[in-house]
Amino acid sequence: MTKQNVVVSDPNSGINTATFTAAAVQKPPPAPGSCINISRKTLVEINSGPRINSWVDSMRASSPTHHKCTSLSEDNTSWMVHHPSALDMFEQIISASKGKKMVMFLDYDGTLSPIVDDPDQAFMSDAMRGTVRKLARYFPTAIVSGRCRDKVYSFVQLAELYYAGSHGMDIEGPSKDSKYKKGAQAALFQPASEFLPMIVEVYKELLDKTNSINGVRVENNKFCVSVHFRCVDEKKWGELAQQVKSVLKEYPKLRLSQGRKVLEIRPTIKWDKGKALEFLLESLGYANCTDVFPVYIGDDRTDEDAFKVLRERGQGFGILVSKTPKDTYASYSLLEPSEVMIFLRRLVEWKRLSLRRQSKIQKQLEEIKASLKN
Ligand SMILES: [Mg+2]
């Protein structure tokens, strides 16, 4: 694992301090897993090349609005064979987790909340919040989001969870040695803290440069900046790409990746949601355990890094939330947040009944022991 920089926060101050460990910063990966629809060639062009058209093509590729009718049926059949519904496979999933400690990782936007035009309005329902609260009673649960940690916490509002914001670059997890203990002091891990001033600068420049384009939303996610173009007329995508490019060319230490209707600008450090998942597992005391069963649910390209980590570890699995077939490292699928809620509720119910059964058996054994003594 990358050398880490863990800082214990003062829960009363509201101020999170962090120092920076130079060893945590490495050269940028040439083709980050978060950019699956964008080829290495395209990334190089984005960073240095002249063709704005390739930007717009990438923006379209990352933001599909429909599938070709001719291939839809074929795609769907193959998709459901290779990535069946996690609801249909529930019994098999439970069976695979038998005797292992399940740990839950949840993306936020598009997974727990619906995707909406205004990112500030991406609220989760009370029903979903109640479900996640119950989930956390039975399983260690972390939210892993591209949003800044404070923002995602303001949406979720559950103190019993762990939070990884800014694509895992801002983690509030359990303290070392504490494992999963409620009330344990939180530990902060911020591997990109030296980039904070640069991110603020770029955020302001992007706000200024894109101001004239109707519908653009620039969001400061603390360790990364998101440029949402969900509400921008497609005819203006070229102009938007040009403006973003003009800002980025001055910042070689930042890189660009794309999600669904969003351009993400973040530091060139080798850190992503997959690394955040590994960090949290280690913090929970499961680094070298063979009996841990991590489950990661997400809907975005950036979640692929976490799905990939689970494939490579051969532990647990990923669930992609999507209504359409996609290239993914996830093993299973769910259509939308409402299905995520049903899946989480089934997990809670299964665990509740399982614990009740164990308790009943334990009680019977104790009664037998007591009767033998008499
Ligand atoms: Mg998402």
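Read the numbers this way: they start at 1 and go in the same order the structure lists the ligands and their atoms. These values consider heavy atoms only, across backbone and side chains, with no hydrogens, waters or symmetry-generated copies.
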Within 45° cone and under 6.0 Å: R149 NZ/CZ vs Y163 ring: no
Heteroatom test (N, O or S) for D107 near the Mg ion (ligand 1), limit 2.8 Å: yes
Under the criterion salt bridge (Lys or Arg N to Asp or Glu O under 4.0 Å), I'd like the reasoning laid out for K273 against D300: C-alpha separation, chi angles, the key distance, then a yes or no. CA-CA 11 Å; K273 287 182 170 184; D300 202 73; 5.9 Å; no
Assess the side chains of T328 and E304: does a donor N or O sit below 3.5 Å from an acceptor N or O? yes
Check all N, O or S atoms of D109 and name the one closest to the Mg ion (ligand 1). O
Among the N/O/S atoms of D299, which is closest to the Mg ion (ligand 1)? Give the atom name. OD1
Return yes when atom CG of D118 has more than 12 non-hydrogen atoms of other residues, nucleotides or ligands closer than 6.0 Å, and no otherwise. yes
